[in-house]
Amino acid sequence: MKEIRFYNTLVRQKVPFVPLAPPKVTMYVCGITAYDESHLGHARAAVVFDVLYRFLRFVGYEVVYVRNYTDIDDKIIRRAQEEGVTTQELAERYIRSYDEDMKALKVLRPTYEPRATEHIPQIIALIERLIQKGYAYVVEGDVYFSVEKFPEYGKLSGRSLEEMKAGARVSVSDKKRHPLDFALWKAEKPGEPSWESPWGRGRPGWHIECSAMAMHYLGETIDLHGGGLDLIFPHHENEIAQSEAATGKPFVRYWLHNGMVTVGREKMSKSLGNFVTVKQMLARHHPEALRLFLLSMHYRSPLDYSEKVVSDHEKALEGFYETLYLLKRLEPETDAPAPQHEKPLAEASKTLAHLETRFCEALADDLNTAKAIGELFSVEKVLNHLLKLCGRRPSAKHLEVAHQGIELVQKLGGKLLGILEEDPEIFIEKRRNRALEEKGLSREKIEALIKEREEARRAKDYARADAIRDELGKMGVLLRDTPWGTFWKVL
RNA sequence: GGCGGCGUAGCCAAGCGGUUAAGGCGACGGUCUGCAAAAUCGUUAUUCCGGGGUUCGAAUCCCCGCGCCGCCUCCA
């Protein structure tokens, strides 16, 4: 296995990944603010870091993975007030909804999924530490972090305080000593949830929760911290400032940021209203098709969403499953392969092993899932060749190579990418049922017609057989005659 | 304005100085098939936004343009 390399936002280049205390790896990813349904952008971040998590475990690391839920913030408060529910009720609802989405998308559960409101003591302790060290100040029940006290402020996003002051779109609050100072603690406002603190009742600011929870679960220096590119400034910059000011130690060894999902090249976002929710997508596509789409682009690049492209990936996925389906039906007819098959079989086996290496190297190279997917589809090609080689009389040796391929698909596709892990027969039946329902077609009718056509074919009544096929074709049903019977699919 | 990124076939996309520029979707032709479909074989980028430069050699490095996007405010 070649060394693993990641693009570290902090140093702006790809660097070898060396965990602080192998085999342990600590990893923190910014989760969602639970105030609305999650969209494709949230799904991308979750799926990308899910594959990272899977890959690190696959190569033998013991990964402690934390992904938080922000369950108290301005948007949650506003939304809860609009709906006349408590912030807890609202957050709970969307956390549950997100969990459903993640489960459907086969995103593995992180080791811990902490919520901000369940870590108020840790947050307060961290703020106190910052005040003691002179990095934070109290104004009328608010506590602010003083960016000028932290000389390295801006190191992640590549800005200086001067530059940012110049372009200042930052609202100047008379309470802040510097426009970029940010709230660690916000004084209670009437009708808003609040907690006791040394500075009076109030609630935590946004940035502090991630530092507090990351340190609580993972220690003062963590290996990996992930999140969307849009979090680099100010959120992650602020996390660094708070954490490193408090501990005097590096907070994160490797910062990883995923690119945005775009629509017509524009960022998908709530405010632009150009978002598609995960639930809407799941209603139209197989979850694995979504994963395939989300992983088809390198994680740091923008990913432009369009139904056509998602469907293209879905078709590719279906084709792969159809190959697996046929492969699974093979039964050995003889013990030994025909002599002229021995060499191709040996070559197929060798190619499969080679593809596995290439696949893993792709992931090791800054999680290049797009390349890895390419290698995986080359496995499909090998399997199709094998299928052809098998013909109607596969030998035990043919089957052995077939199983090697199937296992490889389960390992690389299933275990690492979270795709192609269903039973092909179940996958195909699910697709059929979904398509039948969409088009309002009757399975019984289709199957009866197919049976009738098969009888006609046996009787060599091809005119009748073709008439039935045309009829089914008009219904959107495509037929494919195989040695094991007629395979059908609804387009 | 500052910082960062992108521009590869009809569409999506890999490629990080050196074999025939991965892979997917699509299109066209051959094989297979009763005919289809699927599969398979071949064709579909003599060339990587444009122009210079470095180099024995560049899609890959440098410079100058053009176009697009993200961040600088809450945001995955």
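Hydrogens, waters and symmetry mates are skipped; everything else that's a heavy atom, side chains included, is used. Order of the sequence lines fixes the chain letters, A, B, ..., with proteins taken first and strands second; residue numbering starts at 1 for each chain.
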Under-4.0 Å salt bridge between A:Arg432 and A:Glu447: no

Pair assignment for B:U60, Watson-Crick or G-U wobble, requiring both distances under 3.5 Å: none

Under 4.0 Å protein heavy-atom contact, by nucleotide of nucleotides 34-43 of chain B - B base, S sugar-phosphate only: BBBBSBSS--

Counter-base of B:A27, judged by Watson-Crick or G-U geometry with both distances under 3.5 Å: B:U43

Sugar-phosphate only, base, or nothing, as touched by A:Leu231 at under 4.0 Å among non-hydrogen atoms: sugar-phosphate

Sugar-phosphate, base or nothing in reach of A:His257, heavy atoms under 4.0 Å: nothing

Distance, P atom - from B:G10 to B:C6, rounded to whole angstrom: 23 Å

Test: A:Lys279 and A:Glu100 ion pair at under 4.0 Å: yes

Atom pair distance, as rounded to whole Å: CG in A:Asp101 and P in B:A76: 14 Å

Protein-nucleotide distance (A:Lys315, atom NZ; B:G24, atom C1'), rounded to Å: 11 Å

Nucleotide of B:A76, B:G5, B:C25 approaching A:Tyr7 most closely (side-chain heavy atoms): B:G5

Pairing of A:Lys186 and A:Glu192 as salt bridge, 4.0 angstrom limit: no

Value in whole Å for how far the P atom of B:G5 lies from CZ of A:Arg300: 9 Å

Near-strand residues of residues 41-49 of chain A, defined as heavy-atom separation under 4.0 angstrom from RNA chain B: A:Gly41, A:His42, A:Ala45

Touch class at under 4.0 angstrom, heavy-atom based, for A:Ser157 against every strand present: sugar-phosphate

Least distance between heavy atoms, A:Pro110 atom then A:Tyr65 atom: CB-O, 3.4 Å

Going by atom type alone, with no hydrogens or angles, which donor-acceptor pairs under 3.5 Å involve a side-chain atom of residues 41-50 of chain A and a protein atom two or more places apart or on another chain?
from, atom 1, to, atom 2, distance (Å)
A:His42, ND1, A:His39, N, 2.9
A:Arg44, NH1, A:Gly259, O, 2.9
A:Arg44, NH1, A:Met260, O, 3.2
A:Arg44, NH1, A:Ser301, O, 2.8
A:Arg44, NH2, A:His298, O, 3.1
A:Arg44, NH2, A:Tyr299, O, 3.4
A:Arg44, NH2, A:Ser301, O, 2.8
A:Asp50, OD1, A:Leu108, N, 2.9
A:Asp50, OD2, A:Arg54, NE, 2.9
A:Asp50, OD2, A:Arg291, NH1, 3.1
A:Asp50, OD2, A:Arg291, NH2, 2.7

A:Arg96 to A:Tyr69 six-membered ring, cation-pi geometry met (6.0 Å, 45°): no

Nearest-angstrom distance, P atom, B:G4 to B:C62: 13 Å

Inter-nucleotide P distance (B:G57, B:A14), Å rounded: 29 Å

Any donor-acceptor N/O pair under 3.5 Å between B:C69 base and A:Lys267 side chain: no

salt_bridge(A:Lys474, A:Asp470) N-O dist < 4.0 Å: no

B:U33 - base-pair partner by Watson-Crick or wobble geometry, distances under 3.5 Å: none

Pairwise C1' distance, B:G2 and B:U43 [rounded to whole Å]: 50 Å

A:Glu314 and A:Arg284 ion-paired at < 4.0 Å: no

B:C61 to B:C48 separation - C1' atoms, rounded to the nearest Å: 16 Å

Interatomic distance where CZ belongs to A:Phe293 and C1' belongs to B:A13 [whole Å]: 12 Å

C1' spacing across the pair B:A27 / B:C12, given as an integer number of angstrom: 16 Å

Nearest-angstrom distance, C1' atom, B:C56 to B:C63: 22 Å

Residue whose nearest RNA chain B nucleotide is more 5′ - A:Ser301 or A:Ala372: A:Ser301

Sugar-phosphate, base or nothing in reach of A:Ala316, heavy atoms under 4.0 Å: sugar-phosphate

Gap between atom CG of A:Leu292 and atom CD1 of A:Ile373 - 0.5 Å precision: 5.0 Å

Touch class at under 4.0 angstrom, heavy-atom based, for A:Gly228 against every strand present: sugar-phosphate

Donor-acceptor side-chain pairing of A:Asp73 and A:Thr33 below 3.5 angstrom: no

Short N-O contact, A:Arg464 and A:Glu452, less than 4.0 angstrom: yes

Strand partner of B:C3, provided both Watson-Crick or wobble distances fall under 3.5 Å: B:G70

Euclidean distance, atom CG of residue A:Asp36 to atom P of B:C74 [Å, nearest integer]: 19 Å

Interatomic distance where CD belongs to A:Glu237 and P belongs to B:C71 [whole Å]: 16 Å

Nearest-angstrom distance from the residue atom NE2 of A:His298 to P of B:G15: 7 Å

Separation of B:G24 P from A:Lys371 NZ (nearest whole Å): 15 Å

Closest listed nucleotide, where the reference is the side chain of A:Met297 and the choices are B:C11, B:C71, B:A14: B:A14

Watson-Crick or G-U counterpart of B:A14, or none if no pair lies under 3.5 Å: none

Short side-chain N/O contact to B:C12 OP1/OP2 from A:Arg265, under 4.0 Å: yes

Identified pairing partner of B:A21, criterion: Watson-Crick or G-U wobble below 3.5 Å: none

B:A45 and B:U20, which share atom name C1', separated by this distance in whole Å: 13 Å

Among B:A14, B:C12, B:G2, the nucleotide that comes nearest once only the side chain of A:His313 is considered: B:C12

Sugar-phosphate only, base, or nothing, as touched by A:Lys14 at under 4.0 Å among non-hydrogen atoms: base

Geometric class of the A:His235/A:His207 ring pair [parallel <30°, tilted 30-60°, perpendicular >60°]: tilted

